[in-house]
Amino acid sequence: RGGRVVGRFYLSQRRTSNGAPTYARHYEALRAAAAKWPQLRVLDWNGASSLGSQSRWYTDGVHLTTTGQAQYALWLRDRIIEMVAGIEQTRVFGDDRYLTAIQISSQARSAGAITGSEVIVVNGFGTVDGLAAAGFAGARRAAILLPRADALPGDVAAQLQSLNPSRVTVVGGANAVLPAVLDQIRALVPAAVVERVEGADRYLTAQALARTVLADAPVLYIASGQSQ
């Protein structure tokens with residue numbers, strides 16, 4: 001609702017049940033939805049991979065080989081480029097992940113997307129914790145800043161002081177963000193409430209974050225916790 005373009009793609013129809021494609025009803029629903037809502041584009045991977053020579057992209061007719069995964073990634077990239085053609089695009093970046101997070105927080109604050117009253121701090125190398133923290137930050141309209149495990153880099157510390165939040169939430173246990181980092185945060189923004197949200201592992205940390213916003217969330221997304 002309100003989106004300029006929404007993309008939804010479907011995968012191979014090679015898997016069958018009683019001689020018919022297993023997901024045929026899903027595909028028909030997608031086609032009907034695209035006819036009803038012009039902003040919905042259905043991306044047809046099944047059609048793009050249906051030539052006989054492309055069977056080598058699959059291990060068993062359904063699951064992709066390494067070559068198939070690469071072909072799928074290229075195909076999806078090209079379709080996304082086609083979808084966003086004509087839409088203004090802006091790249092937000094810094095020289096590293098820490099400076100990129102600073103740039104995002106600065107631009108988000110200027111645009112009114114965040115309030116600046118709360119900052120989420122999550123280990124710059126904690127991909128899974130960062131993924132879980134993103135939804136939490138969005139629900140709280142909070143900036144995300146990235147420390148090292150043992151300290152806030154100088155530019156990050158300066159951005160934290162510039163935002164001057166009233167609350168700082170540190171995501172992850174002591175192995176992810178050392179207690180010394182919380183002490184550094186308290187010294188930089190002494191008026192802020194500094195708290196840690198953690199679980200015994202990455203799964204329970206994500207669960208603890210979700211609990212804080214779950215009552216107001218209409219949709220729950222599940223993602224793998226295996227990636228580093």
Side-chain angles (χ1 to χ4, degrees), residues 4-5 7 69-70 73-74 76-192 194-198 202 205-206 209 221 223-228:
R4 288 282 300 279
V5 177
Q69 292 172 16
L74 291 171
L76 184 57
R77 180 202 64 185
D78 291 344
R79 301 295 77 75
I80 291 173
I81 290 172
E82 290 173 357
M83 286 173 56
V84 300
I87 298 176
E88 182 180 353
Q89 301 172 50
T90 302
R91 182 188 293 270
V92 181
F93 68 97
D95 289 340
D96 56 29
R97 63 188 65 193
Y98 306 102
L99 295 177
T100 295
I102 289 171
Q103 289 296 321
I104 291 171
S105 67
S106 294
Q107 293 198 26
R109 189 180 192 185
S110 297
I114 63 171
T115 64
S117 62
E118 182 171 2
V119 169
I120 311 302
V121 173
V122 58
N123 188 310
F125 285 90
T127 305
V128 174
D129 283 348
L131 176 63
F136 176 83
R140 305 277 279 260
R141 296 185 64 196
I144 295 179
L145 295 179
L146 307 178
R148 297 192 304 269
D150 59 346
L152 292 175
D155 289 322
V156 178
Q159 179 68 356
L160 180 64
Q161 286 187 306
S162 175
L163 291 169
N164 192 29
S166 58
R167 177 178 294 274
V168 178
T169 301
V170 176
V171 176
N175 289 330
V177 181
L178 293 178
V181 176
L182 277 73
D183 294 338
Q184 186 181 3
I185 292 169
R186 292 187 179 102
L188 289 166
V189 283
V194 181
E195 63 178 356
R196 185 192 292 271
V197 177
E198 63 179 310
R202 59 181 64 182
T205 295
L209 288 168
Y221 291 92
S224 172
Q226 296 295 318
S227 300
Q228 294 300 319

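Predicted model, so just to flag it, every value in this text is computed and none were measured.
In this structure, Leu209 CG and Glu198 CD are separated by 11.0 Å, a value rounded to the nearest 0.5 Å. The CD atom of Gln103 sits 9.0 Å away from the CG atom of Asp95 when rounded to the nearest 0.5 Å. Atom CG in Leu76 sits 10.0 Å away from atom CD1 in Ile81 (nearest 0.5 Å). Annotation: the span from Arg79 atom CZ to Leu74 atom CG amounts to 10.5 Å, rounded to 0.5 Å. Interatomic distance, CG of Leu160 versus OG of Ser105, reported as 10.0 Å (0.5 Å rounding). For the atom pair CG (Leu146) and OH (Tyr98), the distance works out to 7.0 Å, reported to the nearest 0.5 Å.
In this structure, the side chains of Asp129 and Val177 stay at 4.5 Å or more apart for every pair of heavy atoms. Using a 4.5 Å cut-off on side-chain heavy atoms (C-beta onward), Val156 and Pro147 make no contact. Contact annotation: the side chain of Val171 never approaches that of Val121 to less than 4.5 Å [non-hydrogen atoms, C-beta and beyond].
In this structure, the side chain of Arg148 does not engage the main chain of Gly124 through any donor-acceptor pair within 3.5 Å. Not a single donor-acceptor pair under 3.5 Å links the side chain of Arg141 to the backbone N or O of Ser117. In this structure, Ser110 contributes its side chain and Ser106 its backbone to a donor-acceptor pair below 3.5 Å. Side-chain atoms of Arg202 come within 3.5 Å of backbone atoms of Gly225 as a donor-acceptor pair (strictly under, hydrogens ignored). Judged purely by atom type and a 3.5 angstrom limit, Arg109 has no side-chain atom pairing as donor or acceptor with the backbone of Gly116.
Between Ile120 and Ala133, the shortest heavy-atom contact is CG2-CB, 4.2 Å. Across all non-hydrogen atoms, the minimal contact from Phe136 to Thr169 is CE2-CG2, 4.0 Å. Nearest approach of Ile114 to Ala143, heavy atoms of both residues: CD1-CB, 3.5 Å. Minimum heavy-atom separation, Ile144 to Ala101: O-CB, 3.8 Å.
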Side chains of residues 180-189: which donor-acceptor pairs under 3.5 Å do they make with residues two or more places apart or in other chains?
unit_1	atom_1	unit_2	atom_2	d
Gln184	OE1	Leu152	N	2.9
Gln184	NE2	Leu152	O	3.4

